[in-house]
Protein chains: 2
Amino acid sequence: MDVPEDRIKPAYDGAAGSATSREYEGEHMAQRRVTLADVARHAGLSTTAASWVLNEREDARLSEDARRRVLAAAQELGYRPNAAARSLRIRKTATIALISDTVATTRFAGGMIRGALSVARDREHVLLIAETQGDPELERHAIDAMLHRQVDGVVYAAMYSRRLTVPQRLLDTRTVLLNATSAHGLPAVLPAEEDAGYAVAAALLGQGHRRIAVLGRIESIERSPRRSLAAGLRMRGIRRALADRGLRLAVSEHTRDWEARDGHAGMTSLLERGSIPSAVICMNDRLAFGAYQAAADAGKAIPDDISIVSFDDDPIAEWLRPGLTTAALPHEEMGRLAVELLLDETAEPGTRWVPMPLRERGSIGQPAT
Amino acid sequence: MDVPEDRIKPAYDGAAGSATSREYEGEHMAQRRVTLADVARHAGLSTTAASWVLNEREDARLSEDARRRVLAAAQELGYRPNAAARSLRIRKTATIALISDTVATTRFAGGMIRGALSVARDREHVLLIAETQGDPELERHAIDAMLHRQVDGVVYAAMYSRRLTVPQRLLDTRTVLLNATSAHGLPAVLPAEEDAGYAVAAALLGQGHRRIAVLGRIESIERSPRRSLAAGLRMRGIRRALADRGLRLAVSEHTRDWEARDGHAGMTSLLERGSIPSAVICMNDRLAFGAYQAAADAGKAIPDDISIVSFDDDPIAEWLRPGLTTAALPHEEMGRLAVELLLDETAEPGTRWVPMPLRERGSIGQPAT
DNA sequence: ATCCTGTGATTAATCCTTTAAGCAAGGTCG
DNA sequence: CGACCTTGCTTAAAGGATTAATCACAGGAT
């Protein structure tokens, strides 16, 4: 391992690798890592004493002087505990696993990871990640790898919220579901989709809209919770908001899929109908994006001719002109909460619904008369 | 830190949690994990023998019968090695750290992680991740946490490619830079931005374009490699392609930042000039997105009135109409390569440039006459 | 009968921490 | 004065794997 000659010892760095102050012990060996025993020897105490000091055990009775000597020695030698030895002994690793189906294909994954990471960091834990890509074989492999390493807990995450079956082996470990539910009675974290549906519709109603359309893959909605929990819940919230005012959906425009092109097709067909709704609720931002395009093609102005609202808060929502008003998936908060639940031994089973804030931008206006 | 010949993946790894067949040993204690000693006892052999069998050591001379007994015992008891104990002894953890500045804010991060994950998995390693958010304090913390855990290596990643200073402590560990370079002579992985610049310009030239504009934060380009390496390199490639045909850039439109709104402003100003270029190279997809909007506002059709090319291959590139032709950042491949380099003991320092494939969609046409 | 060699195993040391148990000296209490 | 507690430490035993060193035995050569 070659080291450049311009090595400068950073001030904050206790000593790591700086052999300057280290005593040579006989042979001139390749830098052995500093162990607790080294620290103890340096401080003129037993390893037990050193361990007590460094772990700040209050029940241990040690002189203030001894305490200082140990601390000084550790500092000087640049001691860092060997995590493997420690875990072996105490049977904890301060490591948690985040196993998800997909991390890369959705742009939201990052938010969950970041939230999880931040809590993990605050609680002195680290995060191991693995991806199953929905493949049972890979999943088995990932779970194996994690359990071998005796992680203290597992966050089992789905990138699209849905109901899933938790592998048996995870049930023996502390597990929290992220963006998913199951029948196993585990703590779970989900976005408050139904409330968001209600809020989105309410925002429209509040502006005076009465002819409201929904654009999405309706066929699957309220049917297959294993594919997407979100769609059904959003829909239910929307219906409830309308019902509270004695209204019903004016139109449900069914799309084949959830992509921009589907939104384009759907919106085009909506605009070709006899009476155009004054507002359209798109079931996600990609559809909304396509809807924007279709509106432009048809010479309709947003929000003057037609209002649009949506769900997710994809980065493009901000780029669109006008900005897209949308209920944000609170991914970061969800990731955070999942790890908190995992680390909280007393957390009870059951689902936590994380609010989806409505990001108000310019796509909702008053209905054209 | 030399370690004997690389261990080979144990083949016994099947058993899973089939505790069903586990024998109770005396007390009815809370299920103790099965250890190697248990397996050995079950097979009527020493732990040494069991270890040899399970690790498939060829130099060990064991009878075929003993081998089978160990394997059977491991299988039956559902043995899985204790990673902590193993790491403690062999001084390897089969764990690699991915430390990045940001994982969540860019939608590309996922690709890198996924690539890293996939080769880590193939090589029987797991991935620890940490995020510094550019904060030196958090960075120190993250590096500490990783080194405590004696990771076998660190992938130090930047989410926007640039030149950075590697913390001293990392230089004592095996480190590979991902999407970054440094002056430390470490192996590094970067996208082949200059080639991409060349390819993008060449694609335009090939269609007959001669009046070509560039849209981007030109001020920073070729100046501050710490902010963005990409911009300067892309620019150089573009210039070279033009020079090869004896041409120069028709216009350089400077934007204030890299966002969609900047692209919109820049494109608008471009279109207001006296002689409009026949093609515009946007320095990234967000700018291109804004440029699309501006073109639409100005009543210019893409690609009939004006062609647009770009860099990155953001998901929106596909959603736009027409699809945006753009040079893709090969994030997944980069992540993959970084881990490969990390795990390849013999990998030499120096930068690996990963090709950026040009995704041809519909935004390049022939120049209007 | 003795020495040597190859085979098929075992014993014991080691990796580094944590922690239960014990010990020596000095002070307190009855 | 002896029993007993505190204080401030130390010793030694885990914890579960890998591995250097050793051993018992059978068979062949001398």
Side-chain angles (χ1 to χ4, degrees), chain A residues 29-30 32-70 73-74 77 79-94 147-150, chain B residues 1-8 10 12-13 29 32-70 73-74 77-94 147-150 152:
Chain A
M29 64 193 305
R32 199 170 49 83
R33 262 185 72 115
V34 176
T35 91
L36 184 60
D38 297 329
V39 173
R41 203 174 310 126
H42 204 84
L45 288 166
S46 68
T47 60
T48 301
S51 174
W52 281 347
V53 170
L54 296 176
N55 288 316
E56 295 177 336
R57 295 189 47 136
E58 310 123 3
D59 55 321
R61 304 148 310 190
L62 286 177
S63 63
E64 187 53 30
D65 177 55
R67 224 181 67 79
R68 263 197 303 270
R69 263 153 48 217
V70 170
L77 300 181
Y79 171 67
R80 25 189 91 258
N82 180 315
R86 183 166 218 275
S87 318
L88 176 57
R89 183 68 232 246
I90 68 178
R91 299 162 156 285
K92 289 207 166 190
T93 50
L147 295 188
H148 276 185
R149 286 174 175 75
Q150 0 260 128
Chain B
M1 191 132 325
D2 48 354
V3 178
E5 65 279 56
D6 249 332
R7 313 308 309 275
I8 306 165
Y12 61 88
D13 195 358
M29 64 192 306
R32 200 171 50 83
R33 263 185 70 115
V34 176
T35 86
L36 184 61
D38 297 329
V39 173
R41 201 173 313 126
H42 205 85
L45 287 167
S46 67
T47 62
T48 302
S51 174
W52 282 348
V53 170
L54 296 177
N55 288 313
E56 293 177 336
R57 295 190 45 139
E58 309 124 2
D59 55 322
R61 306 150 308 191
L62 286 176
S63 64
E64 187 53 30
D65 177 55
R67 223 181 68 79
R68 263 197 302 269
R69 263 153 47 218
V70 170
L77 300 181
Y79 170 67
R80 27 192 86 258
N82 179 316
R86 185 168 213 274
S87 314
L88 176 58
R89 182 66 231 246
I90 67 177
R91 300 161 153 286
K92 286 207 164 189
T93 50
L147 295 188
H148 278 183
R149 285 175 175 76
Q150 1 261 128
D152 295 342

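Just so you know, these numbers come straight off a predicted model, no measurement behind them. Below, each value reflects all heavy atoms present in this structure, side chains not excepted, and no hydrogens, waters or symmetry copies.
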Notebook entry, point to check: Of the non-hydrogen atoms in R80(B) and R33(B), which two are nearest, and what is the gap between them?
Noted result: O-NH2, 2.8 Å
Check: By salt bridge (charged side-chain N to carboxylate O under 4.0 Å, His left out), which residues pair with R68(A), not counting sequence neighbours?
Finding: E64(A)
Note to self: Classify T35(B) by what it touches in the nucleic acid, base, sugar-phosphate, or nothing, heavy-atom distance under 4.0 Å.
What the structure shows: sugar-phosphate
Item checked: Which residues share a side-chain hydrogen bond (donor to acceptor under 3.5 Å, both in side chains) with S51(A), sequence neighbours left out -> N55(A)
Check: Between S51(B) and dT18(D), is there a side-chain N or O to OP1/OP2 distance below 4.0 Å?
Finding: yes
Check: Are R69(A) and H42(A) side-chain neighbours, meaning at least one heavy-atom pair lies under 4.5 Å?
Finding: no
Check: Partners of E56(A) by side-chain hydrogen bond (donor to acceptor under 3.5 Å, both in side chains), sequence neighbours excluded?
Finding: none
Notebook entry, point to check: What's the NZ-C1' distance between K92(A) and dG15(D), to the nearest Å?
Noted result: 16 Å
Item checked: Boundaries of the chain B footprint along DNA chain C (any atom under 4.0 Å from a heavy atom) -> dT7(C) to dC16(C)
Next item on the list: Answer yes or no: does a side-chain N or O of R91(A) lie under 4.0 Å from OP1 or OP2 of dA14(D)?
Entry: no
Notebook entry, point to check: CG of N55(B) versus P of dA17(D): gap in Å, rounded?
Noted result: 10 Å
Item checked: Flag, side chain of R86(A) to backbone of K92(A), donor-acceptor distance under 3.5 Å -> no
Checklist line | 5'-most by nearest nucleotide on DNA chain C - A37(A) or R89(B) | finding: R89(B)
Notebook entry, point to check: Quick one: side chain to side chain contact (heavy atoms under 4.5 Å, CB included) partners of A83(B), sequence neighbours excluded?
Noted result: R149(A)
Margin query: Side chain of P81(B), heavy atoms from C-beta onward: which of dA12(D), dG16(D), dA17(D) has the nearest atom to it?
Written below: dA17(D)
Checklist line | Partners meeting side chain to side chain contact (heavy atoms under 4.5 Å, CB included) with L54(A) (sequence neighbours left out) | finding: L36(A), V70(A), L71(A), A74(A), Y79(A)
Checklist line | Integer-rounded Å distance: dG16(D) C1' and L77(B) CG | finding: 15 Å
Next item on the list: Can you sort out the partners of T93(B) under side-chain hydrogen bond (donor to acceptor under 3.5 Å, both in side chains), two or more places apart, ordered by chain and number?
Entry: D152(B)
Next item on the list: By nearest nucleotide on DNA chain D, pick out whichever of T48(B) and A85(B) is the more 5' one.
Entry: A85(B)
Next item on the list: Summarise how protein sits on nucleotides 4-9 of chain D as a single string, 5' to 3': B when a protein heavy atom is under 4.0 Å from the base, S for sugar-phosphate-only contact, - for no contact.
Entry: ---BBB
Margin query: Using five pairs at each end of the helix from dA1(C)-dT30(D) to dG30(C)-dC1(D) to define an axis, what is the angle between those two axes, to 10°?
Written below: 70°
Notebook entry, point to check: Roughly how many Å is it from CG in L88(B) to C1' in dT18(D), rounded to a whole number?
Noted result: 10 Å
Checklist line | Residue list, salt bridge (charged side-chain N to carboxylate O under 4.0 Å, His left out) with R57(A), at least two apart or on another chain | finding: D59(A)
Next item on the list: For R89(B), enumerate each residue passing the side-chain hydrogen bond (donor to acceptor under 3.5 Å, both in side chains) test, keeping only those at least two apart in sequence or located in another chain.
Entry: none
Note to self: Output the rounded distance in Å from CD (E56(B)) to P (dT18(D)).
What the structure shows: 12 Å
